[in-house]
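Structure first, then comments.
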Amino acid sequence: MKTRRYILAFAAALLAATGCLREDIPTTVATEQMLAESDEALQGMLNGIPAQMVTPYFSRNGTRNSNDYDFSYPGLMIMFDTLAGELVLNGKDNYDWFMYWIRNVYSIGEGSDIASVPWVTLYKYIRTCNNLVSIIGYKPDRDTSQTILGQALAYRAFCYLNLARMYEFKPVTDPSVSASYRSDKDLSGQTVPIVVEGMGVDQARNNPRASVEEIYAQIFSDLDKAEEMLADKGKGNGVFPDIAVVYGLKARAWLERGSAGVSGAFDNAAEYALRALTAFGGSPLTQDQWESPTAGFNNYTANSNSWMWYVPVDVDHVHNLGSFVSHMSNEETWTSYGWSSARGINKTVYNRIPDTDWRKHSWIDPLYNRYYAYKVNRAIDGEQNSTEKGLPPYANLKFRPAGGDCAGYKEGGAVDVPLMRMEEMYLIRAEALAMAGDLAGGKQALVSLVSTRNPQYSCDDIATAADFQKEVFFQKRVELWGEGLIFFDCKRLGTGFRLGFSGTNALAKYRYNVEGISPTWNFVIPRAEIQGNPVLQGYNNPDPSNTLTIWTE
């Protein structure tokens with residue numbers, strides 16, 4: 001994979017940004033005016049965002065603190081799918097750094113690092129975006145800075161959309177959830193404080209949780225401005241948001257609002273998903289692309305017909321432990337995190353996938369190579385949980401080390417990580433059309449995608465929009481497994497999760513069942529933020545620690 005070098009622009013460096021300036025600017029301190037007049041400096045600041053998004057131990061300013069789940073956004077992606085009950089350990093739990101988000105016996109309250117990492121990570125991205133917006137202003141006079149401003153606003157909307165969905169308090173109705181999960185305040189519809197450019201210290205220390213309506217107004221405002229600035233810029237390089245990505249973010253946001261009962265929102269979600277597909281062009285991944293042992297889900301260039309947006313990991317900055325590959329690829333052998341944990345699919349989901357659907361090859365069947373001649377970089381059939389031999393059934397083969405290099409963490413770990421694929425837009429459009437009243441149109445959209453995976457696919461027998469919505473959700477669980485997206489659908493639809501049942505492939509310590517909203521899905525604001533912003537005192541989401549009961553036969 002070609003090495004990419006991105007400027008690592010963090011916190012104070014972004015405020016001064018002197019490292020981004022050419023020597024012909026005669027000063028050692030860069031003023032905002034100088035930055036605004038230097039396209040190179042602005043681009044350097046923008047480059048810092050994708051660099052931040054793949055930096056190991058990002059919430060700790062790059063210093064390892066023995067918490068190997070802290071590797072910025074790809075780490076959050078694993079965290080999201082773990083919370084949803086989608087990433088099932090089929091091996092051992094010795095090296096499961098993401099157990100805190102599914103095993104309900106650990107503290108995940110406001111005083112824990114578990115609460116701090118996602119909050120700090122996303123607000124650091126927002127700070128970078130705010131710096132750019134403040135420097136450029138909303139009325140730029142140069143084409144380059146206008147593009148950068150639109151991209152920064154898209155990034156900010158992406159962050160707030162994630163935060164809104166993570167921290168919005170949704171009531172828990174499962175009677176099996178401990179009565180200790182409660183709040184003395186009415187937290188319904190409360191999300192997170194909105195921080196934008198130009199806010200002073202006094203505002204930051206008196207910044208309450210925004211309502212759902214307020215934060216979505218901010219999200220759509222940013223996306224509307226980004227759309228205006230990027231509409232005539234055409235297709236980008238995949239690293240930075242382009243107009244297709246802006247439309248895709250709008251589709252995600254309107255789908256959320258549709259499920260919240262906002263009139264016309266499903267129509268908007270369907271429309272923007274179509275706009276995203278039209279602006280992007282492209283085509284769904286083929287079976288050969290999906291199953292490639294060298295470029296499968298790790299190489300934008302090889303998958304650019306499908307990937308709308310991604311973050312690249314530079315070979316010079318990849319970490320052997322704090323990386324997406326070391327936790328999600330069961331073929332890597334430089335650490336015990338991947339192959340020993342053997343993350344895979346929930347058995348009930350796997351068993352429902354027809355054999356005629358080639359996506360089923362993403363997980364190891366109990367019959368191994370007798371079921372399918374898997375395209376692999378090392379042996380999978382044999383002694384289980386060995387660096388040189390086999391893996392257990394249901395372990396995933398979706399995410400490969402770069403170039404198929406199982407042993408060298410620098411080369412094998414330097415992967416591209418997808419943030420948005422066009423296939424998601426098909427799925428959003430299908431659900432949105434059906435929920436807006438056009439069930440036939442929704443079916444057509446769904447079949448146009450799934451038939452490329454399973455030529456025998458049909459959903460003709462589905463008679464209601466509600467049942468069709470469940471079918472789209474299932475297709476998302478298969479299509480987008482491990483890509484950090486399904487959690488948001490789980491919380492949006494109140495699907496719960498089920499890891500405890502007879503014959504489950506989940507380890508005994510992980511067998512929890514929740515109906516509706518899991519208390520762990522209402523993220524907790526970290527204590528440091530409450531101390532710095534006292535108006536939040538008493539308005540945090542309840543601590544979900546130890547509120548679930550493990551299932552036993």
Side-chain angles (χ1 to χ4, degrees), residues 81 86-93 95-96 284-299 302-303 324-408 411-413 415 450-457 474-475 477-483 503-507:
D81 275 15
E86 295 295 297
L87 301 186
V88 178
L89 262 66
N90 294 280
K92 305 174 183 177
D93 66 345
Y95 299 101
D96 179 17
L285 291 173
T286 66
Q287 181 176 355
D288 286 342
Q289 288 176 303
W290 188 292
E291 295 182 16
S292 170
T294 57
F297 282 90
N298 65 31
N299 188 300
N303 299 292
F324 189 75
V325 175
S326 65
H327 293 266
M328 285 298 290
S329 174
N330 295 323
E331 291 184 304
E332 64 82 25
T333 59
W334 59 78
T335 179
S336 300
Y337 290 2
W339 61 264
S340 178
S341 298
R343 283 182 174 81
I345 195 169
N346 189 310
K347 180 180 178 180
T348 57
V349 179
Y350 181 83
N351 287 343
R352 185 177 162 185
I353 304 172
D355 286 346
T356 51
D357 188 330
W358 51 255
R359 293 174 301 182
K360 195 169 186 176
H361 308 158
S362 300
W363 304 277
I364 299 172
D365 190 84
L367 295 178
Y368 289 89
N369 289 312
R370 288 163 289 169
Y371 161 73
Y372 180 70
Y374 292 103
K375 303 169 187 176
V376 294
N377 294 296
R378 70 174 183 87
I380 59 169
D381 193 355
E383 180 186 345
Q384 292 180 7
N385 295 108
S386 164
T387 59
E388 297 179 355
K389 294 186 180 179
L391 290 165
Y394 311 109
N396 95 84
L397 291 172
K398 179 175 178 178
F399 298 101
R400 312 294 190 132
D405 190 336
C406 301
E411 294 298 332
V415 300
V450 181
S451 63
T452 67
R453 281 84 174 96
N454 176 14
Q456 299 181 24
Y457 180 76
F474 169 74
Q475 293 299 332
R477 297 179 77 181
V478 178
E479 181 73 30
L480 304 175
W481 184 92
E483 297 179 48
T504 180
N505 60 319
L507 301 180

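As the structure is a computational prediction, the values presented were derived from the model and not from experiment. We use all heavy atoms of the structure for the numbers below, so side chains are in, but hydrogens, waters and symmetry mates are not.
- Side chain of Glu332 to backbone of Val325: no donor-acceptor contact under 3.5 angstrom is found.
- Residues meeting the side chain to side chain contact (heavy atoms under 4.5 Å, CB included) test with Pro284, sequence neighbours left out: Met422, Glu423, Tyr426, Leu449, Thr452, Arg453.
- Residues Gln287 and Glu291 have side chains that bring a donor and an acceptor to within less than 3.5 angstrom of each other.
- In terms of the side-chain hydrogen bond (donor to acceptor under 3.5 Å, both in side chains) criterion, residue partners of Arg477 (sequence neighbours excluded) are, by chain and number, Glu86.
- For Thr356, the side-chain hydrogen bond (donor to acceptor under 3.5 Å, both in side chains) partners two or more places apart in sequence, or in a different chain, are Asn454.
- Asp357 is linked by a salt bridge (Lys or Arg N to Asp or Glu O under 4.0 Å) to Arg359, counting only residues two or more places apart in sequence or in another chain.
- For Asp93, the salt bridge (Lys or Arg N to Asp or Glu O under 4.0 Å) criterion is met by Arg103, Lys509, not counting sequence neighbours.
- Take Tyr372 and apply the ring-ring contact (aromatic ring centres under 6.0 Å, His included) test, not counting sequence neighbours, and it matches His361, Tyr374.
- Applying the ring-ring contact (aromatic ring centres under 6.0 Å, His included) test to Trp290 and every residue at least two apart in sequence or in another chain returns Phe297, Trp358.
- Every salt bridge (Lys or Arg N to Asp or Glu O under 4.0 Å) that Glu483 has, sequence neighbours left out, goes to Lys398, Arg421.
- With sequence neighbours excluded, the residues forming a side-chain hydrogen bond (donor to acceptor under 3.5 Å, both in side chains) with Ser292 are Thr294, listed by chain and number.
- Lys347 meets the salt bridge (Lys or Arg N to Asp or Glu O under 4.0 Å) test with no other residue; sequence neighbours excluded.
- Under the rule for a side-chain hydrogen bond (donor to acceptor under 3.5 Å, both in side chains), the partners of Asp96 that lie at least two apart in sequence or sit in another chain are Arg343, Tyr510.
- Remark: the Thr348 side chain and the Asn346 side chain contain an N/O donor-acceptor pair separated by less than 3.5 Å.
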